> 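Sharing a structure, written as C-alpha cells. Questions coming.
Given the structure is predicted, the values throughout are model-derived calculations rather than measurements. Each chain gets a letter, A, B and so on, in the order the sequences are listed, and its residues count up from 1.
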There are 2 protein chains.
Amino acid sequence: MIQLTKRTEYGLIALVHLADAALTGRDGAFVSVREIAEHYPVPKRLLAEVLKDLARAELVESARGKDGGYTLRRQPDQITLAEVVAALEGRPSISSCETAERSPSSSNCGLEPVCPIRSPLHRVREGIWGLMERTTLRSLAQTSSLVQAGPLLQPKALT
Amino acid sequence: MIQLTKRTEYGLIALVHLADAALTGRDGAFVSVREIAEHYPVPKRLLAEVLKDLARAELVESARGKDGGYTLRRQPDQITLAEVVAALEGRPSISSCETAERSPSSSNCGLEPVCPIRSPLHRVREGIWGLMERTTLRSLAQTSSLVQAGPLLQPKALT
DNA sequence: TCAAATAGCACGAAATCCGTGCGGATTGCT
DNA sequence: AGCAATCCGCACGGATTTCGTGCTATTTGA
C-alpha cells in the first residue's frame with residue numbers, strides 16, 4: 001500500500017506544530033504532548049508514543065518533569081520527510097534485496113553486480129525515497145500553518 | 001507503509017513476463033498462468049487472482065479454454081506502474097480529503113479552495129503518483145529481462 | 001467426452017497497525 | 001517534603017488489511 005501510517009501522520013502533525021511554535025515566538029521552549037493533542041483530533045496516548053520514537057531518532061529533544069515537552073532538534077528545513085518516515089515506520093527495504101523476482105539459485109544477493117538489475121522496483125522506491133528526502137518539514141509546515149487556527153477538541157478517545 | 005503489495009509485485013512480474021513474451025517472438029499469443037508461475041517463486045493460485053483483476057482493469061486480455069491465457073492489451077511503453085497499482089490496490093486517496101489534519105468544522109471538504117492547503121501531504125503523494133505514472137512497464141521489463149533466464153520451480157506452495 | 005484454462009465467490013490464516021494500560025522516573029512549584 | 005505535570009518503557013487486546021487457498025462454473029480445443 002502506498003500510504004503513510006497513522007503514526008507517521010500524527011508525527012508529522014506534531015512536528016509541524018513544533019515548527020510553528022518555534023517560528024512564532026517561543027523558540028526553544030518545550031511543547032507538551034497535551035498541548036499538541038488539544039489542537040488536533042489525535043489520540044493523545046498514541047501521539048506520546050510517536051513523539052518518543054521521534055526522540056529516539058533524535059529528531060526532537062525531550063524534557064521531563066513540569067514544563068517539559070518536546071522541541072525540534074534542528075531547523076524545519078533541516079528535517080526531511082524521509083527521516084520521519086524512517087523513524088516511525090522503518091526505512092523501506094531499498095538497500096537489501098526485495099521479495100519478488102528473487103531467484104533461489106543466487107545465494108543471498110550480497111554485492112553482486114546483478115543485484116541492482118534483478119529488481120527494477122528498487123529504482124522506483126528509491127525515486128519515492130528521494131522525493132521524501134527532498135521534502136522538508138518546512139515545506140510541509142508553511143502551507144498548513146494557515147489552517148491551524150483554532151484549537152479543537154478530540155472527537156474520539158479524549159483520554 | 002510505503003511499500004507495494006505482494007499482489008502488485010506478482011502482477012508486475014506477470015506483466016513483465018507477458019511483455020517479454022510479446023517482444024521475443026510469439027506476439028499476440030496467450031500465456032497461461034501455469035507458464036508464468038513456473039518461472040517465478042509465486043503462488044500460482046494468487047497469481048491467477050491477480051491476473052483476473054488486471055483483466056478487469058483491461059490491462060491484459062484473457063482467453064479461456066485450452067491454449068488460453070493472457071496477453072498484453074497495449075504496448076509495454078503504454079502501460080504505467082500507476083495503472084497497475086490502481087488496478088490491484090486501488091488508487092491511493094489523493095483526490096479526496098486525507099485522514100489527518102481534517103478539522104471537524106469544515107463540512108466535507110468538497111471543492112473549497114482551502115482544501116489543497118490543508119493537506120500538504122497530498123502533494124507528496126501526488127509526487128509519488130506522478131513518479132509511477134512516468135514509470136512504464138517497458139522500463140521495468142528491459143532491465144529485468146536479463147535475469148529471467150532459466151525456469152525455476154516454486155519453492156513454496158507448489159499447488 | 002475430456003482436459004486445460006479462465007471466471008467468480010468466499011473463507012480462514014497470517015501479518016500489520018491502532019490504541020490503551022500500567023508502573024516508573026524527572027522536574028518544578030508550593 | 002509533598003504534589004502535580006510530564007516523559008519513559010514495556011506489553012497487550014482488538015481491529016484492519018493482506019495473503020493464500022478451496023470450490024464450482026464456464027469456455028475452448030482436441
> Return the nearest nucleotide to the side chain of A:Y70; candidates are D:dC7, D:dT18, C:dT6.
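Nearest to the side-chain atoms of A:Y70, counting from C-beta on, is D:dC7.
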> Separation of B:L47 atom CG from D:dC19 atom P, in whole Å?
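Those two atoms, CG and P, are 13 Å apart.
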> Is the closest basic N to carboxylate O distance between B:E49 and B:K52 below 4.0 Å?
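Here B:E49 pairs with B:K52 in a salt bridge, since their nearest N and O are under 4.0 Å apart.
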> Could you state the NZ-C1' distance from B:K52 to D:dA25, rounded to the nearest angstrom?
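Distance check: B:K52 NZ to D:dA25 C1' gives 11 Å.
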> Any heavy-atom pair between the side chains of B:V16 and B:L137 that's under 4.5 Å?
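Of all side-chain heavy-atom pairs linking B:V16 with B:L137, at least one is under 4.5 Å.
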> Can you tell me which nucleotide in D:dT6, D:dG22, C:dC22 comes closest to the side chain of A:R45?
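Nearest to the side chain of A:R45 among the choices is C:dC22.
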> Could you tell me whether the phosphate oxygens of D:dC19, OP1 or OP2, come under 4.0 Å of any side-chain nitrogen or oxygen in B:Y10?
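For D:dC19, OP1/OP2 do not have a side-chain N/O of B:Y10 under 4.0 Å.
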> Does the side chain of A:L88 reach to within under 4.5 Å of the side chain of A:T5, using non-hydrogen atoms?
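No, every pair of side-chain atoms sits at 4.5 Å or beyond.
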> Is any side-chain heavy atom of A:R125 closer than 4.5 Å to a side-chain heavy atom of B:L4?
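Counting from C-beta outward, A:R125 and B:L4 do come under 4.5 Å.
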> I want to check something: taking the side chain as every heavy atom from C-beta on, are A:L18 and A:I36 in contact at a cut-off of under 4.5 Å?
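In contact.
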> Listed in order of residue number, which residues of residues 56-67 of chain A have a non-hydrogen atom at under 4.0 Å from DNA chain D?
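Nucleic-acid contacts, sorted: A:R56, A:S62, A:A63, A:R64, A:G65, A:K66.
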> Can you find an N or O donor on one side and an acceptor on the other, under 3.5 Å apart, linking the side chain of A:E49 with the base of D:dC8?
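It does not, because no donor-acceptor pair links the side chain of A:E49 to the base of D:dC8 below 3.5 Å.
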